[in-house]
Every structure is written in structure tokens, then in C-alpha cells.
Visitor: 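One structure, pasted below without further comment.
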Amino acid sequence: MIRIAICDEEHGFCQRLERYISNYMKNDGISYHIDTFNQGERFAALGIGMAQYTVVFLDVKMSKHDGIDIARKIREISKGIFVVFVTANGNYALEGYKVDAVRDGNLDSAWLHLHSTLSH
């Protein structure tokens, strides 16, 4: 089973991304579970519990914990978690590379990259 976390302060965006991912997984017959977090600090508070996720979708700009800091914490716990930045702001690309994350405004492209990685 693929465990997925979505962390974004915009509730509507979390719901849309969850629907998008759910439709994709159902169409491909992939077993999955999705948890959503509307606050970066709630996700970061999981600590070692973040390791339960195969994939984490993070917004870069959040009020108390930004996605870059959370991605750094994820990397301290595991190098195997697939981190995807979901942001319209390309100015964070360099920071994303430092934490081995994917940043793509086009979810289809990011999801194809994820799917090919998980399939191998």
C-alpha cells in the first residue's frame, strides 16, 4: 500500500489534490491511503512518524513551518520518502534540489515521475 500525505494550508487545494490522486490510484488499481494536513506544524509534529509515508506533497509557503524546513526534517528521517513540492512559485527550485524533492506546477508530470519511480 502506498501511504500519501498532503500538507497545504489551503483546504480546497488539499481536497482537489486528494481527489486527483484518488482517481489516479483507483484507475490504476493501486492500494493507497491519503492523510491531509492543513498545518505544517501538525505534520512536522509526527516526527519519526513521517516515515510511514511513501509520498509527501508539500506546499512551500506555510505560515509556521514552510515546506523546505519540513522536507529537511523528512530527509533526516528517511532518504526514501518521495517529496513533491506543490507550489506555483518557481523561486524555490534550488532549495527543492537540496532536499531531493520534485517541484512541478504540472501535477500530471510530477505524478508520472512518481509512478515510474514506484513502478521500478
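Note that the structure is predicted; figures quoted are calculated from it, not measured.
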Visitor: Please lay out, stage by stage, how V60 and I68 fare under the test side chain to side chain contact (heavy atoms under 4.5 Å, CB included).
Guide: CA-CA 6 Å; V60 173; I68 301 291; 4.1 Å; yes

Visitor: Out of curiosity, T36 OG1 to Q15 CD, how far, rounded to the nearest 0.5 Å?
Guide: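 These two atoms lie 8.0 Å from each other.
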
Visitor: Taking all non-hydrogen atoms of both residues, which atom of C7 and which atom of G40 are closest, and how far apart?
Guide: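 Looking at all heavy atoms of both residues, the closest pair is SG-CA, 3.7 Å.
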
Visitor: State, to 0.1 Å, how close F85 and G67 come at their nearest heavy-atom pair, and which atoms those are.
Guide: CE2-O, 3.5 Å

Visitor: Tell me, do V56 and I70 make a side-chain contact under 4.5 Å, heavy atoms counted?
Guide: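 Not in contact.
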
Visitor: So do M25 and I4 actually touch side chain to side chain, heavy atoms under 4.5 Å?
Guide: yes

Visitor: For I81 and M50, work out which heavy atoms get closest and say how close.
Guide: CD1-O, 3.5 Å

Visitor: Do you know the tightest heavy-atom contact between R42 and N38?
Guide: NH1-N, 3.8 Å

Visitor: Drop me the distance from S22's OG to I30's CD1, to the nearest 0.5 angstrom.
Guide: 11.5 Å

Visitor: Say you draw a straight line from CZ of F57 to CZ of F37; how long is it, rounded to the nearest 0.5 Å?
Guide: 14.0 Å

Visitor: If you round to the nearest 0.5 Å, how far is CG of L58 from CG of D69?
Guide: 10.5 Å

Visitor: Rounded to the nearest 0.5 Å, what separates atom CD in Q52 from atom CD1 in I77?
Guide: 10.5 Å

Visitor: Using 30° and 60° as the class boundaries, would you call the ring planes of F43 and Y53 parallel, tilted or perpendicular?
Guide: tilted

Visitor: Minimum heavy-atom separation for D8 to C14, with atom names?
Guide: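 Scanning both residues, the minimum pair turns out to be O-SG, 3.2 Å.
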
Visitor: Could you check E18 against I6 for side chain to side chain contact (heavy atoms under 4.5 Å, CB included), going step by step and ending with a plain yes or no?
Guide: CA-CA 8 Å; E18 184 176 13; I6 300 170; 4.0 Å; yes

Visitor: What is the minimum heavy-atom distance between R3 and D35, and which atoms define it?
Guide: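 Answer, listing the atom of R3 first, then D35: NH2-OD2, 3.2 Å.
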
Visitor: Can L46 be reached from M1 by stepping across I, L, V, M, F, W or Y side chains whose heavy atoms are under 4.5 Å apart?
Guide: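 Not linked; separate clusters.
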
